[in-house]
Amino acid sequence: MGKVLSENIRNIAIVGHSGAGKTSLAEAILFNGKSIDRLGKTADKNTVMDYDEQEMARGISISLACAHTYWRDIKINIVDVPGFYDFEGEFEQAMRAVGSAILVADASGEVAVGAEKVVDYCTRRHIPLMIFVNGIDKENANYVATVEAFRQKYGRKISPTHFPIIRDGKMKGYVSVISGKAFEFTQGGRNEIAIPENMLEDVKLLKDSLMESAAESSEALLDKYLLEETLTNDEIVSGVKNGLKQGETIPIMGGSALQNMGVINLMHEIVDLLPSPFDRRPVMATNIMQGDNLGEVSEVRCDANLPFAGQVFKTVADPFVGKLNMVRVFTGSLKSGMTVYNATTGEKERINTLYVMKGKKQEPVDELVAGDIGAVNKLNNTNTGDTLCDENNLIKFFDIPLPKPVITMAISAKNSGEEDKVFQGLNRLSEEDLTFKVEKDKETNEMVIRGMGETQLEILCKKLKAKFGCEAILSAPKVAFKETILGVAEAEGKHKKQSGGAGQFGVVNIKFEPGASDGEFEFVNAIVGGAVSKPFAQAAEKGLREAMQKGVLAGYPMTNLKCTLFDGKEHPVDSKEVAFISAAKLAYDEGIRNAKPVILEPVYSYKILVPDNYTGDILGDLNKRRGRILGMEMADNLQEICAEVPLIEMLKYATDLRSMTQGRGKFSNEFLRYEEVPYSAQEKIIADAKK
């Protein structure tokens with residue numbers, strides 16, 4: 001193909017519930033467009049899009065993949081998006097790159113959770129969406145019931161553009177509602193047939209309904225429809241396209257990706273109905289050019305005549321090939337040899353070789369025009385989300401809204417001496433997946449990894465071994481408990497050591513109570529008359545600071561402790577700093593035990609979003625976790641539950657919430673404060689610490 005024009009591009013994300021057949025559909029589209037010469041299968045581990053070792057082993061997509069093909073001289077850029085909950089970040093990145101989505105739904109007669117989420121997301125953000133009901137050839141498939149399930153849930157938004165031809169309970173073909181032509185599926189294609197007599201009336205009713213929906217998409221069409229009570233086929237197509245752009249119309253059709261049935265029909269609809277990049281809704285950017293407009297936020301639409309601006313939506317790190325950045329061009333064009341400005345880092349980058357992607361393969365190209373998707377390698381300081389632009393067009397696109405981590409695990413190297421290798425590998429992997437973080441917990445001094453779910457973290461460990469030759473172990477993280485006292489006690493610490501030569505002697509009398517001025521530790525020297533000189537009082541303070549790193553109940557750090565040195569003794573010859581350090585520690589051990597010591601636990605605030613029918617189950621579960629419900633309100637048709645819950649009870653809540661809500665629930669949390677642990681729970685913590 002020659003140079004691609006922006007108006008001849010369609011960018012689509014293939015999305016939906018895990019296991020619905022997204023990768024198989026991408027494979028069939030590529031095969032029909034002659035981008036590949038054989039039809040791969042997920043089960044045979046030979047598809048273009050699922051090329052990662054873990055994807056092939058698990059039979060699921062775990063990161064987005066790009067490929068392209070041509071249909072009727074239109075370039076179709078395909079982004080295959082994982083459907084599993086743990087990879088929600090990949091979905092957000094894909095949606096920044098494309099202008100439309102194809103939802104792959106299983107022909108089960110129901111609306112799956114993943115499909116529900118996609119429709120809600122796209123309608124909320126006015127993203128053009130089509131539904132491909134997949135697997136119509138399966139044993140218990142029911143295309144009609146599936147369409148009806150979508151219509152019951154989303155009403156008139158769902159617009160069947162095809163009326164199914166059913167034989168023996170299976171969809172064998174369809175009638176195009178707009179054109180009135182009938183087709184019978186063949187493997188890899190379709191044959192035109194006469195419309196069955198018994199379907200003529202139903203097709204007419206469906207076309208009338210589609211005509212009404214099309215008329216409502218614009219004032220001009222509505223005026224004509226009210227005047228003449230009819231629209232031409234071209235006007236119906238125009239109306240459907242308008243409805244698609246506004247997110248008000250969702251065409252639905254069926255087929256079998258695995259058998260390549262109905263896929264050609266879908267490709268015609270992609271070309272005819274889905275918008276080009278010029279028709280895509282604008283993305284938001286901030287002006288970073290010095291001058292009167294600095295900091296101004298504006299809408300950026302696809303425009304081939306403006307200077308170059310694009311955004312990296314995915315980074316792939318490979319130990320052999322290096323870093324590959326996938327870019328969506330919004331304005332102008334990106335050419336090999338250009339020097340561009342990274343508006344995110346403030347550094348310049350030289351563009352060496354440009355590529356278009358076909359799964360793991362890269363095909364070199366000279367130029368990416370406005371609206372196109374491609375990749376560039378060997379960029380030193382560019383990562384996912386970064387804006388690349390011309391120096392005469394300094395803008396920065398809004399960040400891609402990635403979900404925050406919701407689960408934490410401790411991580412360590414399996415083999416001694418490989419710690420650096422493990423964490424270097426994880427840092428490389430974090431370049432391609434921004435939804436996980438590796439850091440040292442300041443409270444527990446433990447290395448932890450935070451992510452979207454257990455599956456994601458397990459896969460990251462597998463990737464470490466495959467890509468970087470090192471192994472990591474995941475385990476439950478430590479909870480940063482603390483200890484404090486509720487009462488007041490006085491204690492004497494006496495350190496006396498005589499073993500020939502110079503001895504060691506020091507005595508301190510210390511009062512222990514809660515209420516440190518800084519909330520952590522306060523030392524008061526209340527000695528009157530010089531019983532303990534200042535240097536030895538400072539040694540006692542040092543001893544207390546060291547001692548309070550471990551409490552007397554379970555060994556957790558002590559907090560909110562006020563210590564008053566009010567008396568003591570020293571020897572003119574034998575007293576030394578080390579003696580007073582030891583004496584203070586002895587006083588600490590006795591005094592704290594007598595001052596009503598307790599364990600404190602971190603309490604977090606939680607905002608939990610669930611469909612209303614799950615509210616009772618969630619409230620009951622939170623009560624079992626010692627949670628306090630603060631309030632509830634409806635938000636975006638979901639029940640938002642606000643609660644305070646001890647962290648120890650919520651370590652695997654991400655997994656549990658998905659299980660309780662069939663994947664429909666989500667939550668965010670934030671550290672709130674420390675609270676005293678109830679006695680019954682405190683005993684278990686102490687017992688666990690002793691183990």
Enquirer: Taking the six-membered ring for Trp, are Tyr121 and Phe91 ring centroids under 6.0 Å apart?
Expert: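 Ring-ring flag for Tyr121/Phe91: true, centres closer than 6.0 Å.
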Enquirer: Determine the minimum heavy-atom distance between Met171 and Ile136, stating which atoms define it.
Expert: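 Minimum heavy-atom contact is O-CD1, 3.5 Å.
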Enquirer: Between Asn265 and His162, is any side-chain donor less than 3.5 angstrom from a side-chain acceptor?
Expert: yes
Enquirer: Taking Gln246's backbone N and O only, do any of them form a donor-acceptor pair with His126's side chain (distance below 3.5 Å, no angle check)?
Expert: yes
Enquirer: Please check if any side-chain donor atom of Asn233 sits under 3.5 Å from a side-chain acceptor atom of Lys207, or the reverse.
Expert: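 Yes, Lys207 and Asn233 have a side-chain donor paired with an acceptor closer than 3.5 Å.
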Enquirer: Where do Val111 and Arg664 come nearest, in terms of heavy atoms and distance?
Expert: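 Closest approach of Val111 to Arg664, heavy atoms only: O-NH2, 4.3 Å.
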Enquirer: Distance to the ring centre below 6.0 angstrom and angle to the axis at most 45 degrees; does that hold for Arg190 and Phe183?
Expert: yes
Enquirer: Does the pair Arg156 and Glu248 meet the rule for a salt bridge (Lys or Arg N to Asp or Glu O under 4.0 Å), with working shown?
Expert: CA-CA 9 Å; Arg156 291 185 61 186; Glu248 294 300 320; over 6 Å; no
Enquirer: Is the shortest distance from a Lys or Arg side-chain nitrogen in Arg281 or Glu299 to a carboxylate oxygen in the other one below 4.0 Å?
Expert: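 So Arg281 does not pair with Glu299 through a salt bridge.
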Enquirer: Between Arg96, Gln93, Arg328, which is the residue that forms a side-chain hydrogen bond (donor to acceptor under 3.5 Å, both in side chains) with Gln311?
Expert: Arg96
Enquirer: May I ask you to say whether Arg658 pairs ionically with Asp86, meaning some side-chain N is under 4.0 Å from a carboxylate O?
Expert: yes
Enquirer: So Phe313 and Cys66, do their side chains get closer than 4.5 Å, heavy atoms only?
Expert: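 Cys66 vs Phe313: side chains touch.
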Enquirer: If you compare all heavy atoms of Leu244 against all heavy atoms of Leu129, which two are closest, and at what distance to 0.1 Å?
Expert: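 Minimum heavy-atom separation between Leu244 and Leu129: CD2-O, 3.3 Å.
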Enquirer: Output yes when Lys138 and Asp106 qualify as a salt bridge under the 4.0 Å nitrogen-oxygen rule, no when they do not.
Expert: yes
Enquirer: Let me see the working for Lys45 and Asp50 under salt bridge (Lys or Arg N to Asp or Glu O under 4.0 Å), right down to the final yes or no.
Expert: CA-CA 8 Å; Lys45 309 183 192 308; Asp50 281 356; over 6 Å; no
Enquirer: Under 4.5 Å between any side-chain heavy atoms of Pro251 and Val240, yes or no?
Expert: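 A side-chain contact exists here, since the closest heavy-atom pair is under 4.5 Å.
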Enquirer: Decide yes or no for Tyr85 and Met452: does some side-chain heavy atom of the first lie under 4.5 Å from some side-chain heavy atom of the second?
Expert: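 They are not in side-chain contact.
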Enquirer: Step by step, work out the side chain to side chain donor-acceptor pair (under 3.5 Å) result for Gln662 and Tyr614.
Expert: CA-CA 10 Å; Gln662 297 180 304; Tyr614 293 103; 2.9 Å; yes
Enquirer: Taking the basic N atoms (NZ, or NE/NH1/NH2) and the acidic carboxylate oxygens, is any pair closer than 4.0 Å for Lys314 and Glu90?
Expert: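 A salt bridge links Lys314 with Glu90.
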Enquirer: For atom NZ of Lys360, decide whether the heavy atoms of other residues, nucleotides or ligands shown that lie under 6.0 angstrom number more than 12.
Expert: no
Enquirer: Checking Asp433 against Gln456: is there a side-chain donor and acceptor pair closer than 3.5 Å?
Expert: yes
Enquirer: Can you classify the ring geometry of His68 versus Tyr70 as parallel (below 30°), tilted (30 to 60°) or perpendicular (above 60°)?
Expert: perpendicular
Enquirer: Would you say that Ile62 contacts Phe87 through its side chain, given a criterion of any heavy-atom pair below 4.5 Å between the two side chains?
Expert: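 Result yes, sub-4.5 Å side-chain heavy-atom pair found.
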Enquirer: Applying side chain to side chain donor-acceptor pair (under 3.5 Å), run through Glu296 and Asn287 and close with a yes or a no.
Expert: CA-CA 5 Å; Glu296 187 177 281; Asn287 188 322; 5.6 Å; no
Enquirer: Do Lys157 side-chain atoms and Arg151 backbone N/O form a donor-acceptor pair below 3.5 Å?
Expert: no
Enquirer: Is the shortest side-chain N to carboxylate O distance from Asp208 to Lys204 below 4.0 Å?
Expert: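 The answer is yes: the pair qualifies as a salt bridge.
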Enquirer: Does a donor on one side chain and an acceptor on the other come within less than 3.5 Å for Thr47 and Glu27?
Expert: no
Enquirer: Does atom CD of Glu229 have more than 12 heavy-atom neighbours, drawn from other residues, nucleotides or ligands, at distances under 6.0 Å?
Expert: no
Enquirer: Does the side chain of Asn260 come under 3.5 Å of the side chain of Asn32 through a donor N or O and an acceptor N or O?
Expert: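 Result is yes, a qualifying pair exists.
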Enquirer: A quick test of your reading: do over 12 heavy atoms of other residues, nucleotides or ligands sit less than 6.0 Å from NZ of Lys607?
Expert: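 Counting other residues, nucleotides and ligands, NZ of Lys607 stays at 12 neighbours or fewer.
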Enquirer: Hey, does Leu354 have a side-chain heavy atom less than 4.5 Å from the side chain of Asp366?
Expert: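 Contact flag for Asp366/Leu354 side chains = no.
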Enquirer: Just how far is it from atom CD1 of Ile608 to atom OG1 of Thr661, taken to the nearest 0.5 Å?
Expert: 10.5 Å
Enquirer: Any idea how Phe185 and Tyr174 line up, ring-wise: parallel (<30°), tilted (30 to 60°), or perpendicular (>60°)?
Expert: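 Tilted.
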Enquirer: Taking Thr387 for the side chain and Phe397 for the main chain, is one N or O donor matched with an acceptor at less than 3.5 Å?
Expert: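 It does hold such a pair.
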Enquirer: Thr69 side chain to Gly33 main-chain N or O, any donor-acceptor pair under 3.5 Å?
Expert: yes
Enquirer: Taking atom types as modelled, find out whether Glu216 and Ser213 have a side-chain donor-acceptor pair closer than 3.5 angstrom.
Expert: no
Enquirer: Can you check whether Asp73 reaches Asn8 side chain to side chain, under 4.5 Å on heavy atoms?
Expert: no
Enquirer: Which heavy atom of Leu64 sits nearest a heavy atom of Ala94, and at what distance?
Expert: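 Minimum heavy-atom separation between Leu64 and Ala94: CD2-N, 3.9 Å.
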Enquirer: Got a second to check how far Ser218's OG is from Lys241's NZ, nearest 0.5 Å?
Expert: 13.0 Å
Enquirer: Mind checking whether Ile14 and Val79 have side chains closer than 4.5 Å, heavy atoms only?
Expert: no
Enquirer: Any side-chain to backbone donor/acceptor pair from Asn134 onto Ala20? Under 3.5 Å, distance only.
Expert: yes
Enquirer: Looking only at heavy atoms, which two atoms of Met253 and Leu266 are closest? And how far apart?
Expert: SD-CD1, 3.7 Å
Enquirer: For the side chain of Glu640 and the backbone of Met632, is there at least one donor-acceptor N/O pair under 3.5 Å apart?
Expert: no
Enquirer: State plainly whether the residues Asp272 and Arg72 are in salt-bridge range, i.e. N to O under 4.0 Å.
Expert: yes
Enquirer: Using 4.0 Å as the upper bound for N to carboxylate O, is an ion pair formed by Lys172 and Glu184?
Expert: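 No, this pair does not count.
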Enquirer: What pair of heavy atoms forms the shortest contact from Gly371 to Asn11, and how long is it?
Expert: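 That closest heavy-atom pairing would be O-ND2, 2.7 Å.
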Enquirer: So does Asn305 get a backbone contact from the side chain of Asp303, meaning a donor-acceptor N/O pair under 3.5 Å?
Expert: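 Side chain of Asp303 to backbone of Asn305, a donor-acceptor pair under 3.5 Å: yes, one is there.
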Enquirer: Quick one, Pro275 and Arg280 - any side-chain contact, counting heavy atoms below 4.5 Å?
Expert: no
Enquirer: Taking atom types as modelled, is there a side-chain donor on Asp80 or Thr23 under 3.5 Å from an acceptor on the other?
Expert: yes
Enquirer: side-chain contact (heavy atoms from CB on, under 4.5 Å) between Trp71 and Ile270: does it pass, once the steps are laid out?
Expert: CA-CA 9 Å; Trp71 191 250; Ile270 288 170; over 6 Å; no
